[in-house]
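Okay, structure first, notes after.
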Amino acid sequence: MATKATTAAKASAAKAGSAAKAAAGKAVQAAKAAQAARATGTTRTKAGPGGPSDYDAIIVGGGHNGLVAAAYLARSGARTLVLEGRHKTGGAATTEAPWPDAPDFKVTRLSYVMSLLPPTIINDLQLERHGYKIYPMGPYYQAFPEGGSIKLYADDAKRNHEEVSRWSKKDADAMPRWDAWLAGLADVLGPLLLTVPPNLGSRKPRDLEQTLRLAWRHRGLDVRTVADVTRLMTMSIADLLDDWFESPQVKGALAVNGVIGTWAGPYEPGTAYVMAHHSIGDVGDGHLGNWGFAEGGMGAVSDAIARAARMAGAEIRTDAPVGRILLENGRAAGVELENGQRLTAKVVVTSLHPRTAFLDHVGRANLPDDFVTDIEHWKTRSGVVKINLALSELPDFTADPGTNLQEHHTGSVEMAPTMPYIEQAFLDARDGRAATRPFSDGVIPTAFDKTLCPEGYHIMSLFTQWVPADWNSQPHTEELQAYADRMIDCYNEVAPNFKSSILHTDIVGPYQMEHDYGLIGGNIFHGELSLEQLFHMRPAPGFADYRTPVPGLYYASSATHAGGGVCGIPGMQAAKAALADRRVSLRRK
Ligand SMILES: Cc1cc2nc3c(=O)[nH]c(=O)nc-3n(C[C@H](O)[C@H](O)[C@H](O)COP(=O)(O)OP(=O)(O)OC[C@H]3O[C@@H](n4cnc5c(N)ncnc54)[C@H](O)[C@@H]3O)c2cc1C
């Protein structure tokens, strides 16, 4: 088996960098003029105060959220421009061909499954018309190193009962109650995803009104439900599952969603909520918590949104990294590209990681001290490594033999056999070394999607954890390869043809996530889903309504409420906030 970290993304970043350098030469005069203004933190734009702008709205970052914001703004008639720093749009929702010698093999390089994009956005933007197509995933599958396997179905209580009974009759009986309990909580938490968090603690009439509205909407909650929500928000996934189940195999299977993308082992308080975040989505087939594969990979989702935005009139520029946000009289007035070019707009929406968006692009001097402190304290670790594989044949599991396509290949093909296994992977990383036996949420999208590789071959995507949280500061290339080899060995123990079936390997660690994709700290959601960073605290208290301390600057990244994940909600809400403010301002005029 050959493991080789690819350089495709690095090459593209270098290309973008040299283009930027050439243009920067031409714009040196403009940059010098800007320097003086930068010292004071304010800038006069070329249009001058109150003058006409180049665009009505500029979106910084062409990830899926930036594209959603652009589509909503353009639909309202705003002259909208998206500026994306990389050579292509999509951000963490991207399909790429990472192997130059095998260009027909495409991988969904970072994010890999859909669930959280709400039907509201799919319908508003008519995404199906623009190529959005989802295949609902098959069951959760785990083959155990000591023998045997388990499948869990999102939508088949009878088969779930049969499967779980093989490990524990008691757990099989508990499973329908667990599903009903989760569904009840989803009824409470699901609508909150589309709620703009109120500014809790503020006494301004508008904020008080929003807080009261939220309280009124939940007036029907009884003591029991409030207690269940409290448990969900405060417990560890391990403690929660211990209250419901006895079998280590069943608990391992259900723990996975509690630690996805999280810098915390399953025994850490708060991981029960992470499980809920990943369990309340619905790919549109009506099955709660069911996930699906986007045809063409996750990049196809971004492409569909980009098409919707363009169709509505938005302009999208790639290889256009933004260097800073221009301010005029304390208001957002446009952006300056890294090459020195300035573009003006009365509305700027940024969809970048909060540290880049605020500390780098707006600047500490232009922001309230409390807000700067909140963003400096923003927790943004993950320890995630994405491993993408091209396979010559499907894994042949000892517990469920055969390389022909079978049901257990069609869902998540896990390596998370028990809670202690998952916990040990985290403890290794917290002690400063990559997990000896990493945990993996694996999928084989080509079980359905024939567009990603030639007939007869397969793509497998392994979302793995953990490596140390500070691996974002150095590439750790050789250690990542050793880690990937160990991960592959774990699968090989349960499917002995696995290692020999691997044709190509692509390893994306925290350093590459940060430097090539702007995911600072390697966190997959632009910031951890820990309790102190949720709802009215996301990204900072007082600014969870998709507005920022800078009038005219809106925030649409996964670091706002309902992010992360490929859900588009931050993009939609930021656009709606900008449009609402424009209506108020027009009425006043
Ligand atoms: C390994 C991994 C696996 C994941 N798996 C899933 C999954 O299966 N399902 C799921 O729902 N979610 C998943 N996620 C999370 C999800 O992908 C992200 O939360 C989401 O894609 C973020 O979207 P965004 O638009 O907010 O930000 P991003 O996608 O980060 O977009 C920001 C964009 O801004 C661009 N940019 C950065 N700096 C500049 C600049 N200076 N100027 C201009 N542009 C700039 C970037 O290139 C990028 O395109 C995963 C993430 C990762 C990393």
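Whatever order the structure lists ligands and atoms in, that order sets their numbers, starting from 1.
- Using a 4.0 Å cut-off to heavy atoms of Gly85, the atoms of ligand 1 that qualify are 43 (C), 44 (N), 45 (C).
- Between Arg342 and Glu336, at least one side-chain N (NZ, or NE/NH1/NH2) sits under 4.0 Å from a carboxylate O, which counts as a salt bridge.
- The residue from Glu84, Arg86, His353 that puts a heavy atom closest to atom 46 (C) of ligand 1 is Glu84.
- Of the protein's non-hydrogen atoms, the one nearest atom 25 (O) of ligand 1 is Asn65 N, 3.0 Å.
- Contact between Pro321 and ligand 1 is present, with at least one heavy atom of the residue lying under 4.0 Å from the ligand.
- Around atom CZ of Arg430, no more than 12 heavy atoms belonging to other residues, nucleotides or ligands sit under 6.0 Å away.
- Side chain of His64 to backbone of Cys567: a donor-acceptor contact under 3.5 angstrom is found.
- The nearest heavy-atom contact from the protein to atom 12 (N) of ligand 1 is Gly565 CA, 3.4 Å.
- Geometric assessment of Arg75 against the ring of Tyr72 yields a positive cation-pi assignment under the 6.0 Å and 45° thresholds.
- Atoms of ligand 1 lying under 4.0 Å from any heavy atom of Phe463, numbered from 1 in the order shown and given with element: 1 (C), 2 (C), 3 (C).
- The protein heavy-atom contact nearest to atom 32 (C) of ligand 1 is Ser351 O, 3.8 Å.
- Residue Val566 has at least one heavy-atom neighbour below 4.0 Å for each of these atoms of ligand 1: 10 (C), 11 (O), 12 (N), 16 (C), 17 (O), 21 (O).
- Remark: the Glu414 side chain and the Tyr141 side chain contain no N/O donor-acceptor pair separated by less than 3.5 Å.
- Within ligand 1, counting atoms from 1 as listed, the ones closer than 4.0 Å to a heavy atom of Phe525 are 15 (C), 19 (O).
- Among protein heavy atoms, the minimum distance from atom 41 (N) of ligand 1 is reached at Val322 O, 3.0 Å.
- Heavy-atom distances between His361 and ligand 1 reach below 4.0 Å in at least one pair.
- Scanning the protein heavy atoms around atom 6 (C) of ligand 1, the nearest turns out to be Ser111 CB, 3.2 Å.
- Salt bridge annotation for Glu528-Arg381: present, with a cationic side-chain nitrogen under 4.0 angstrom from a carboxylate oxygen.
- The residue among Ile569, Ile524, Leu519 with a heavy atom at the shortest distance from atom 51 (C) of ligand 1 is Ile524.
- In this structure a side-chain-to-backbone donor-acceptor pair under 3.5 Å is present from Arg538 to Gly563.
- Distances from atom 20 (C) of ligand 1 to the heavy atoms of Ala69, Ser558, Gly61, Gly261 show the closest one on Ser558.
- Closest heavy-atom approach to atom 2 (C) of ligand 1 within the set Val68, Leu110, Thr318: this belongs to Leu110.
- At under 3.5 Å, not a single nitrogen or oxygen of Lys386, backbone or side chain, sits near a nitrogen or oxygen of ligand 1.
- In terms of heavy-atom proximity, Gly265 sits nearest to Val259 at C-CG1, 3.9 Å.
- If you look at Leu352 next to ligand 1, the close heavy atoms, those under 4.0 Å, all belong to the side chain.
- For Arg364 and Glu376, the salt-bridge test passes: some basic side-chain N is under 4.0 Å from an acidic carboxylate O.
- Between Trp466 and Phe439, the ring-plane angle classifies as tilted under the 30° and 60° cut-offs.
- Of all the atoms in ligand 1, the ones that sit under 4.0 Å from a non-hydrogen atom of Trp291 are 9 (N).
- In this structure, the protein non-hydrogen atom closest to atom 31 (O) of ligand 1 is Gly63 CA, 3.3 Å.
- Distance alone, capped at 3.5 Å, is enough to place a donor-acceptor pair between the Asn388 side chain and the Arg109 backbone.
- Using a 4.0 angstrom heavy-atom cutoff, Leu83 counts as in contact with ligand 1.
- Remark: minimum distance from atom 21 (O) of ligand 1 to any protein heavy atom is reached at Ala92 CB, 3.5 Å.
- Two rings, from Phe358 and Tyr555, have their centers less than 6.0 Å apart.
- Ligand 1 lies out of reach of Gly518, whose nearest heavy atom is not under 4.0 Å from it.
- Of the protein's heavy atoms, His526 NE2, 2.8 Å lies nearest to atom 30 (O) of ligand 1.
- No hydrogens or angles considered: a donor-acceptor pair under 3.5 Å links the side chains of His526 and Ser557.
- Within the model, atoms CD1 of Ile305 and CG of Leu117 stand 6.0 Å from one another, a figure rounded to the nearest 0.5 Å.
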